[in-house]
Amino acid sequence: MKRVLKKIFLPCTVATEMIEKDIYFKLSALEKLRLFLHTGLCGLCHRYQKHSRLLHRILMELHHEHEHPQAPKEEEQTALKEKITNRLEKN
Amino acid sequence: MSAAKGAVTGHHAIIREWVQLYTNGMYAWAYHKTTDKALAEDLVQDTFLAALQSFDKFKQESQPKTWLFSILNNKISDHFRQQFRHPVVNEAEGGLSFFFDEEDEWRKERSPQAWNTTDTHILDNPDFRKILQHCMHLLPGNWLAAVKLKYLEEKEGKDICQDLQITPSNFWQIMHRAKLHLRNCLEINWFKK
Ligand SMILES: [Zn+2]
């Protein structure tokens, strides 16, 4: 029994890697089971999973925002427009 | 003036108008994605030059803004793709041994601690955003490029692998290392406060 458990119980390195794989790809049924078993017994990896999913949501949201709160300064914008217009003239 | 020359002059006039109308929005967007002022300027400039060169491809039925932003987004993605030069994770610089011991278990001092929030609303806090940018920029360039490609383009993992010509396991290993470091950095600088 112990040998079977040892075989099926993932090390934390692999468990955390699978947590990422789960987010970006799909896990097989067996991988899902093994990860579920691990996070059920390993509090740290369970915590890592929660944090990792939160980070995923934060990053998704960050790149979804179309309005940037810090708009560039007025004079920078004018300078840039001028620079681009000049550049276009040469083409 | 020949008809062709007249048409070209016409394109110039239209693009000049677009420069006035859309530069601000495009620059803000490019800066938001790259957090680099000089780079953002270059990308916007390149976008207008590309728009001028391929003006014939612009279809009148689509909005100029939509068209320009699609060119700009391609330029931004190209930039990240170019940044991504060393796809294979180097064990020395991103070794798992930073976080895990010989038994493949968490090192106590770098193991995940309880966080004081589980909410994406922290993005409303400008201080948190600063910390997040800071932590992202501590990542090795190619990891950051992979992270940005994933979230910028909202692509599926398998499509990014095709883009970067890496295997899926390469990709999730990079994300694994990147997330381990990012998580740790945010924990130290923010969530443990
Ligand atoms: Zn574990």
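Reminder, nothing fancy here: chain letters follow the sequence lines and each chain counts from 1. Side chains are part of it too, since the values below use all heavy atoms of this structure and drop only hydrogens, waters and symmetry mates.
B:Y22 does not touch chain A: none of its heavy atoms, backbone or side chain, sits under 4.5 Å away. In this structure, the portion of A:I23 lying under 4.5 Å from any heavy atom of chain B is its side chain and not its backbone. Interface residue B:F100: only side-chain heavy atoms are found under 4.5 Å from chain A. When heavy atoms are compared at a cutoff of 4.5 Å, B:A40 does not approach chain A at all. Proximity to chain A (any heavy atom under 4.5 Å) is shown, for B:F99, by neither the backbone nor the side chain. Only the side chain of B:C161 comes within contact range of chain A, with at least one heavy atom under 4.5 Å from a heavy atom of that chain. Only the side chain of B:I122 has a heavy atom closer than 4.5 Å to any heavy atom of chain A.
Under the 4.5 Å side-chain heavy-atom criterion for ILVMFWY residues, no single connected hydrophobic cluster contains both A:F36 and A:L27. Hydrophobic clustering (side-chain heavy atoms under 4.5 Å, transitive across Ile, Leu, Val, Met, Phe, Trp, Tyr) groups B:F98 together with B:L96. A:L33 and A:I19 are members of different hydrophobic clusters when ILVMFWY side chains are connected at heavy-atom separations under 4.5 Å. When hydrophobic clusters are built by joining Ile, Leu, Val, Met, Phe, Trp and Tyr residues whose side-chain heavy atoms come closer than 4.5 Å, directly or via intermediates, B:L138 is not grouped with B:F80.
With rounding to the nearest 0.5 angstrom, the CG atom of A:L10 is 10.5 Å from the CG atom of B:D104. One distance of note links CG of A:L62 with CD of B:Q133; it measures 6.0 Å at 0.5 Å rounding. Atom CG of A:L44 and atom CZ of B:R107 lie 14.0 Å apart (nearest 0.5 Å). Going from atom CG of A:L80 over to atom CD of B:Q45 covers 7.5 Å, rounded to the nearest 0.5 Å. Of the inter-residue distances, the one linking A:E17 atom CD with B:M175 atom CE reads 13.0 Å to the nearest 0.5 angstrom. Taken from NZ in A:K26 to NZ in B:K158, the straight-line distance is 9.0 Å, to the nearest 0.5 Å.
Taking each heavy atom of B:P112 and A:R47 in turn, the nearest pair found is O-NH1, 2.8 Å. Of all non-hydrogen atoms in A:T13 and B:H176, the two that sit nearest each other are O-CE1, 3.5 Å. The minimum heavy-atom distance linking A:L59 with B:M136 is given by the pair CD2-SD, 3.6 Å.
Applying the salt bridge (charged side-chain N to carboxylate O under 4.0 Å, His left out) definition to pairs two or more places apart or across chains, those involving residues 12-21 of chain B are A:E89-B:R16. Sorted by first then second residue, the salt bridge (charged side-chain N to carboxylate O under 4.0 Å, His left out) pairs that include residues 34-58 of chain B, not counting sequence neighbours, are A:E76-B:K37, A:K83-B:E41.
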>> If you apply the rule side-chain contact (heavy atoms from CB on, under 4.5 Å), what do you find for A:C45 with B:W106, and how did you get there?
In response: CA-CA 9 Å; A:C45 285; B:W106 286 96; 3.3 Å; yes

> Hey, mind stepping through A:R87 and B:F48 against side-chain contact (heavy atoms from CB on, under 4.5 Å) and telling me if it holds?
Replying inline: CA-CA 9 Å; A:R87 189 69 217 283; B:F48 282 115; over 6 Å; no

> How far apart are the C-alpha atoms of B:K179 and A:H51, what are their side-chain angles, what is the distance that settles it, and do they pass the side-chain contact (heavy atoms from CB on, under 4.5 Å) test?
Replying inline: CA-CA 9 Å; B:K179 291 272 274 292; A:H51 294 173; over 6 Å; no

>> Is there a side-chain contact (heavy atoms from CB on, under 4.5 Å) between B:W115 and A:L54? Walk through the geometry before answering.
In response: CA-CA 11 Å; B:W115 283 5; A:L54 176 64; 3.9 Å; yes

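Your options are A:R53, A:R57, A:E20, and the one with the most heavy-atom pairs under 4.5 Å with chain B is A:E20. Among B:L180, B:L186, B:V44, B:L182, the residue with the largest count of heavy-atom pairs under 4.5 Å with chain A is B:L180.
Ring pair A:F25/B:W172 is perpendicular by interplanar angle, where above 60° counts as perpendicular and below 30° as parallel.
Aromatic rings from B:Y151 and A:H56 are positioned such that their centres are separated by under 6.0 Å.
Between A:K81 and B:T23, the side chains place no donor N or O within less than 3.5 Å of an acceptor N or O (distance only, hydrogens not considered).
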